[in-house]
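Reviewing the structure listed below.
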Amino acid sequence: MKTPRAFYAPLAIGAPAPYRDLPVRLERMIHFVPPHIEKMRAKVPDLINQVDVILGNLEDAIPADAKVAARQGFIDMARANDFGKTGLWTRVNCLNSPWFLDDLLEIVPAVGDKLDVVMLPKVEGPWDIHYLDQLLAQLEAKAGLTRPILIHAILETAEGVKNVEAIATASPRMHGMSLGPADLAASRGMKTTRVGGGHPDYAVLADAGSDGAPRTAYQQDLWHYTVGKMVDACLSAGLKPFYGPFGDFSDAAACEAQFRNAFLMGCLGAWSLHPTQIDIAKRVFSPDPAEVAFARKILDAMPDGTGAVMIDGKMQDDATWKQAKVIVDLARVVAARDPILAEVYGL
């Protein structure tokens with residue numbers, strides 16, 4: 001393990017120093033764009049004002065014969081637009097693919113300081129992060145970048161979930177993690193073809209009654225354990241956890257329910273793979289105005305966060321003060337980007 005002083009040292013001469021704290025940015029949805037398709041790239045100027053993060057996808061869902069075109073399309077897309085406060089990410093191909101190295105060698109010098117985050121798929125352990133960390137430092141130094149590119153890991157293998165704590169603390173370049181349910185299901189040998197969400201056969205059956213009436217089945221969440229483990233690993237290391245994709249675009253209600261479960265458990269955002277999921281993510285991952293109003297009451301009644309007070313018939317103490325601060329802090333970040341919600345929140 002590196003000493004604390006060495007942990008924050010640049011890994012290449014001339015590379016920018018790592019962040020001590022992650023930049024505060026609103027990232028309620030990571031919107032995926034297939035950059036090899038020209039008509040999708042043409043929509044990016046409008047998307048910049050609609051989403052918090054635009055991600056050029058180079059990996060899954062990009063055909064093998066379109067990988068090079070997707071890489072060049074991302075470079076063209078990045079150069080052609082001013083992203084302002086909207087994050088610019090790319091999901092590169094996995095480390096054992098024939099495209100990964102060229103993804104980094106071509107994109108980093110061409111896109112430069114516009115690139116905020118590299119999303120790395122199928123992360124198995126800290127060794128994967130160490131490799132990308134060193135490579136990014138060398139490329140940043142060579143290209144003269146002024147700020148470090150962050151790494152976002154996707155948990156989509158059993159090995160990666162097993163090593164999630166070590167992944168979270170592998171580098172100061174770590175931004176956060178996303179759940180990758182489809183590949184993870186295959187890696188675990190799970191018997192489902194769904195991409196995220198629940199499954200009607202994964203249920204708890206109510207006890208049998210004496211009258212022989214039909215027993216109610218309560219559908220459970222296949223991903224609850226993994227999301228909880230990911231959230232703990234991320235938050236203990238100061239990183240950002242995200243729910244990944246929800247593949248059924250026709251079921252907006254189920255998508256919203258899954259996103260809301262992730263939000264309540266501590267996730268800060270989710271992937272949006274279809275335009276209809278943008279507003280769902282925006283709505284779910286922005287705190288409810290009533291919750292913000294009540295949280296502000298707590299903070300106002302306990303300015304220094306100590307003691308205990310009664311508000312609307314409920315006891316509040318230092319623990320609920322911390323809960324309230326989480327909600328109000330998020331509301332402030334949302335309000336800085338969304339003037340409509342800023343007015344609703346009174347911020």
Please answer whether the main-chain N or O of Y243 pairs with a side-chain N or O of S178 as donor and acceptor at a distance below 3.5 Å.
no

Checking E156 side chain against L179 main chain: does a donor-acceptor pair fall under 3.5 Å?
no

Might you confirm whether atom NZ of K297 has over 12 heavy atoms from other residues, nucleotides or ligands at distances under 6.0 Å?
no

Atom pair CZ/CG of F100 and L120 - distance to nearest 0.5 Å
6.0 Å

side-chain hydrogen bond (donor to acceptor under 3.5 Å, both in side chains) pairs touching residues 77-86, sequence neighbours excluded, are T86-R337

Taking 4.0 angstrom as the limit, do K67 and D103 come out as a salt bridge?
no

Are K191 and D201 close enough, and set up right, to give a side chain to side chain contact (heavy atoms under 4.5 Å, CB included), and what steps lead you there?
CA-CA 10 Å; K191 311 308 184 286; D201 293 334; over 6 Å; no

I37, W99: one ILVMFWY side-chain cluster at the under-4.5 Å cut-off?
no

Within the supplied structure, the quantity of interest is the number of heavy atoms (other residues, nucleotides, ligands) at a distance under 6.0 Å from E291 CD; does it exceed 12?
no

Please say whether more than 12 non-hydrogen atoms of neighbouring residues, nucleotides or ligands are located less than 6.0 Å from CD1 in I13.
no

Give me the ring orientation class for F285 and F263: parallel if the planes are under 30° apart, tilted from 30 to 60°, perpendicular past 60°.
perpendicular

Minimal non-hydrogen separation, A15 against A141, with atom names
N-CB, 3.6 Å

Could you check whether any side-chain N or O of N57 sits under 3.5 Å from a backbone N or O of D60, counting only pairs where one atom can act as donor and the other as acceptor?
yes

If two hydrophobic side chains count as joined below 4.5 Å and joins carry through other members, does L239 share a cluster with F7?
no

Tell me, with the steps shown, if L58 and R91 meet side chain to side chain contact (heavy atoms under 4.5 Å, CB included).
CA-CA 6 Å; L58 310 183; R91 179 171 72 166; 6.0 Å; no

Step through the shown structure and confirm whether more than 12 heavy atoms of other residues, nucleotides or ligands are within 6.0 Å of CZ on R332.
no

Taking all non-hydrogen atoms of both residues, which atom of K2 and which atom of A6 are closest, and how far apart?
CD-O, 4.2 Å

Is there a chain of hydrophobic side chains (I, L, V, M, F, W, Y, each step under 4.5 Å between heavy atoms) that links Y131 to L136?
yes

With a 4.5 Å heavy-atom cut-off, do Y345 and R296 have their side chains touching?
no

If you compare all heavy atoms of R188 against all heavy atoms of T226, which two are closest, and at what distance to 0.1 Å?
NH2-OG1, 2.8 Å

Basic-acidic side-chain contact under 4.0 Å: K122, E59:
yes

Atom pair CD1 (I54) and OG1 (T90), whose distance is rounded to the nearest 0.5 Å
12.5 Å

Would you say I75 ends up clustered with L105 if hydrophobic residues are merged whenever their side chains have heavy atoms under 4.5 Å apart, either directly or through other cluster members?
yes

When you measure from the side chain of E165 to the backbone of N163, do you find a donor-acceptor pair of N or O atoms at a distance under 3.5 Å?
no

May I ask you to establish whether R173 and Y19 are in a cation-pi arrangement, using a distance under 6.0 Å from NZ or CZ to the six-membered ring centre and at most 45° from the ring axis?
no

Both conditions, 6.0 Å and 45 degrees, for the charged tip of K314 above the ring of F294: are they met here?
yes

Are D116 and R147 close enough, and set up right, to give a side chain to side chain contact (heavy atoms under 4.5 Å, CB included), and what steps lead you there?
CA-CA 9 Å; D116 296 302; R147 60 189 182 92; 2.9 Å; yes

Please check if I62 and V195 belong to a single hydrophobic cluster, counting links between Ile, Leu, Val, Met, Phe, Trp and Tyr side chain heavy atoms closer than 4.5 Å.
no

Look only at the side chain of T157 and the backbone of G160, and say whether a donor-acceptor pair between them is shorter than 3.5 Å.
yes

More than 12 foreign heavy atoms under 6.0 Å from CG of D211: is that the case here?
yes

Could you tell me whether the side chain of Y202 reaches within less than 4.5 Å of the side chain of D221, counting heavy atoms only?
no

Is a side-chain donor-acceptor pair under 3.5 Å present for T146 with D113?
yes

Check whether the ring centres of F32 and W271 lie less than 6.0 Å apart, and answer yes or no.
yes

Using a 6.0 Å cut-off, check whether atom CG of L264 has over 12 heavy atoms from anything other than its own residue.
yes

Determine whether more than 12 heavy atoms belonging to other residues, nucleotides or ligands lie under 6.0 Å from atom CZ of R215.
yes

Do I298 and D300 come within less than 4.5 Å of each other through their side chains, counting heavy atoms only?
no

Under 3.5 Å, is there a donor-acceptor pair between the side chain of S187 and the main chain of D183?
no

How about V53 and R28: do any of their side-chain heavy atoms sit closer than 4.5 Å?
no

Flag side-chain contact, heavy atom, 4.5 Å: C267 against F242
no

Could you measure the distance from the CG atom of L150 to the NZ atom of K240? Nearest 0.5 Å is fine.
8.5 Å

Taking only residues at least two apart or on different chains, which pairs with a member in residues 45-89 satisfy ring-ring contact (aromatic ring centres under 6.0 Å, His included)?
W89-H152, W89-H175

All heavy atoms of P35 vs all of A70, minimum pair found to be CG-O, 3.3 Å

Within the 4.5 Å heavy-atom criterion, are P181 and P245 side-chain neighbours or not?
yes

Between I154 and M119, is the side chain to side chain contact (heavy atoms under 4.5 Å, CB included) condition met? List the steps.
CA-CA 7 Å; I154 313 178; M119 181 181 278; 3.6 Å; yes

Just by distance, do the side chain of K229 and the backbone of V161 share a donor-acceptor pair under 3.5 Å?
yes

Can you name the closest pair of heavy atoms from Q277 and S272 and give their distance?
OE1-CA, 3.6 Å

Check whether more than 12 heavy atoms from other residues, nucleotides or ligands sit under 6.0 Å from atom CD of E38, and answer yes or no.
no

Any Lys/Arg nitrogen of R25 or D52 sitting under 4.0 Å from an Asp/Glu carboxylate oxygen of the other?
no

Would you say the side chain of L115 lies within less than 4.5 Å of the side chain of I107, judging by non-hydrogen atoms?
yes

Interatomic spacing from NE2 in H199 to OG1 in T192 - rounded to 0.5 Å
4.5 Å

Do D279 and Q50 meet the criterion of a side-chain donor-acceptor pair at a distance under 3.5 Å?
no

Whether the side chain of S286 engages the backbone of R283 through a donor-acceptor N/O pair (distance < 3.5 Å, no angle test) should be reported.
no

Compare every heavy atom of V292 with every heavy atom of V328, then report the nearest pair and how far apart it is.
CG2-O, 4.4 Å

Under a 4.5 Å cut-off applied to non-hydrogen side-chain atoms, are L88 and V111 in contact?
yes

Atom CG in D128, atom CD in E159: separation rounded to 0.5 Å?
9.5 Å

Rounded distance [0.5 Å steps], CG in L26 versus CG in L330:
7.5 Å

